Trainee: 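Before I ask anything, let me first share the structure, which is written out below as structure tokens.
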Amino acid sequence: MRSGILQSAERTNFTPVVEFHQVNKWFGPLHVLKQINLKIAKGEVVVICGPSGSGKSTLIRCINRLEPIQSGEIIVDGERLSDPALDLTALRAEIGFVFQQFNLYPHLTAMQNITLAPIKVRNLPRPQAEKLATKLLVRVGIPDKAQAYPANLSGGQQQRVAIARALAMQPKIMLFDEPTSALDPEMINEVLEVMSDLAREGMTMVVVTHEMGFARRVADRMVFLDEGQIIEEGRPESFFTAPKSERTKQFLSKILSH
Amino acid sequence: MAYQFDWSVLWTGQSGFWLLQGLFTTLRLSALAWLLAAGLGIVSGALRTVAFKPLAALAALYVESFRNVPLLVWMFFWYFAVPPALPGPVQDWLYGHGIEFLAGMFALGVYHGARFSEIIRGGIQSIPKTQFEAALSTGLTTAQTYRLVILPITLRLIIPPATNESLNLLKNSSVALTISVAELTFQTRQIEAYTAKAFEALTAGTLIYLVLCLTIAAIMARVERRVAIPGMIARVSPAEH
Ligand SMILES: Nc1ncnc2c1ncn2[C@@H]1O[C@H](COP(=O)(O)OP(=O)(O)OP(=O)(O)O)[C@@H](O)[C@H]1O
Ligand SMILES: [Mg+2]
């Protein structure tokens, strides 16, 4: 298990690729992230869970600066997000983001969805980009859907194209915001499998999900967020079997009971 | 005495030639004004939706000032008011190159550009915000996101209201007769003046406009089916006023 590897490496060889330092975020008067401190190591898989409205999406969206923060500092791959000289598009190109609602480009085929950014951002020649896309479609298990438009794909297939689209930029980090929440139950596993494969290959991943089975199997670390605060974090074994905080216990009992 | 119909006035003498010339001028005036309007509409419509406030405000200023003043007034403005305010050499050039046509084209293009702008803005705003975020997340710049993702989707969605507005532009090109552009309506009036056959002349003009508009509508309906986004039926309602 990869978890084992990290366990010993955690203290000694921890190279953070994402760091939150005392991060605070408000939406108007609403304080949605409170004094967040979090370090995510290269190759680590962090699962973020918590009740609805606790700030999970906001937290993950801060990592590629889809949301600005009002105080504190976020450092991604050595770059301070508050740095006025930051090349934001270059940084975003290194961070894959997978949304709950897939957000494929509806007017483009699966192939075109995947090749758009490599061609326009990385200046990859089209044939090369298409070769890469073909490989990625095999990897996510839908090699025959290259020419299909999003509307003609099932939800699970759309989400896998969305993952392939993110991977086509060869990102250093992959962020997932409830990637299976909009899917019919029978399609959830096909997406989780692709994500498990990615984790096994050593991708750094931050995943917001309510899929606790997946979290148990794949996460190196669980982070429990409630009302904008990190209440508890830890290895999945201890997090699920012996949560320290009362709020974690309550949350887990609710979510694991169904 | 009852009115004596004489349809032959339409093909005897100069009439046929005048009608053709008028038709040609109407088409040229409308096509050039349409290009100007489409360009202005797309750019200003997109700018109105950007986060950078000064640009959005500038675009809003353009739209509101042109949309809320009658076309006829703008036509007079570009024809009578603007040229004398320009430097001498520019004026000379304008008067030597058909200032009526240029002023008419400009007035039509800028006026309908403001109305196209509203349609484009409505189209862009009907696209979920997360679609922008998905594109930005892959490292595309804001400009690329608009050019490669948002506008291609928007332009497909807005074909019905944009067709409607294009037909308005074509019909409104007749207002240019007030600044002596020899377009179709102008020529129709000329035939009437020469032959005193108002009914025949105006019927001919009416039919030509009708055929033009129906043809354009039919072509646009085909284009719409041709470029339709699979599975997308979202429609944007036509611009107000
Ligand atoms: N753009 C916004 N403007 C104002 N308030 C917002 C905005 N986005 C989120 N919020 C609020 O911030 C809080 C945190 O939202 P967030 O989406 O991060 O929660 P979440 O943990 O992802 O919830 P869910 O499980 O429902 O997705 C919520 O109270 C939400 O209503
Ligand atoms: Mg959320």
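In what follows, chains carry the letters A, B, and so on, assigned in the order in which the sequence lines appear, proteins first and then strands, with residues in each chain numbered from 1. Remember, predicted model here, so these are calculated numbers, not experimental data.
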Trainee: Do the non-hydrogen side-chain atoms of A:N103 and B:E133 ever get within less than 4.5 Å of each other?
Mentor: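 When only atoms from C-beta onward are counted, B:E133 and A:N103 do not touch, as no gap falls below 4.5 Å.
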
Trainee: Could you look at B:A228 and say if it's the side chain, the backbone, both or neither that has a heavy atom under 4.5 Å from chain A?
Mentor: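 It is neither, since no heavy atom gets under 4.5 Å.
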
Trainee: Looking at A:A151, A:A90, A:G96, which makes the most heavy-atom pairs under 4.5 Å with chain B?
Mentor: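 Greatest number of close heavy-atom pairs with chain B: A:A151.
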
Trainee: Side chain from CB out, backbone as N, CA, C, O: work out which of these in A:I95 comes under 4.5 Å of a heavy atom of chain B, or both, or neither.
Mentor: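 Contact with chain B involves the backbone of A:I95 alone.
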
Trainee: Please tell me if the side chains of B:Q131 and A:P106 come closer than 4.5 Å, counting only heavy atoms from C-beta onward.
Mentor: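 When only atoms from C-beta onward are counted, A:P106 and B:Q131 do touch, with a gap below 4.5 Å.
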
Trainee: Find out whether B:T138 and A:R92 are in side-chain contact, i.e. whether some heavy atom of one side chain is under 4.5 Å from a heavy atom of the other.
Mentor: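 When only atoms from C-beta onward are counted, A:R92 and B:T138 do not touch, as no gap falls below 4.5 Å.
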
Trainee: At a heavy-atom distance under 4.5 Å, which candidate from A:N64, A:T89, A:V98 has the highest pair count against chain B?
Mentor: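 Top option by heavy-atom pairs under 4.5 Å: A:T89.
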
Trainee: Can you give me the closest heavy-atom contact between A:V121 and B:Q144, atom names plus distance?
Mentor: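 So the minimum-distance heavy-atom pair works out to CG2-OE1, 4.4 Å.
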
Trainee: Around B:W78, counting heavy atoms of other residues, nucleotides and ligands shown, do more than 12 lie under 6.0 Å from its CH2?
Mentor: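 Buried by this count: over 12 neighbours within 6.0 Å.
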
Trainee: Non-hydrogen atoms of chain B under 4.5 Å away: do they reach the side chain of A:F99, the backbone, both or neither?
Mentor: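 The side chain, not the backbone.
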
Trainee: Roughly how far, to the nearest 0.5 Å, is the NE2 atom of A:H107 from the CG atom of B:L148?
Mentor: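 Those atoms lie 8.0 Å apart.
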
Trainee: Using a cut-off of under 4.5 Å for heavy-atom pairs, which of B:I150, B:I153, B:L140, B:T130 has the most such pairs with chain A?
Mentor: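 It is B:T130.
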
Trainee: Measure distances from A:R61 to the heavy atoms of chain B and classify the residue's part below 4.5 Å as side chain, backbone, both or neither.
Mentor: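 Only the side chain of A:R61 comes within 4.5 Å of chain B.
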
Trainee: Should we count NZ of B:K171 as having more than 12 external heavy atoms under 6.0 Å?
Mentor: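 Yes, enclosed.
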
Trainee: When rounded to the nearest 0.5 angstrom, what is the spacing between OG in B:S137 and CZ in A:R165?
Mentor: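 The OG atom of B:S137 sits 8.5 Å away from the CZ atom of A:R165.
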
Trainee: List the atom of B:A134, the atom of A:Y105, and the distance in Å for their closest heavy-atom pair.
Mentor: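 So the two residues come closest at O-OH, 4.0 Å.
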
Trainee: In terms of heavy-atom contacts, does CZ of B:F24 have more than 12 from other residues, nucleotides or ligands at under 6.0 Å?
Mentor: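 Result for CZ/B:F24: open.
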
Trainee: Check whether A:L104 gets within reach of chain B through its side chain, its backbone, both or neither, counting any heavy atom under 4.5 Å.
Mentor: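 The backbone, not the side chain.
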
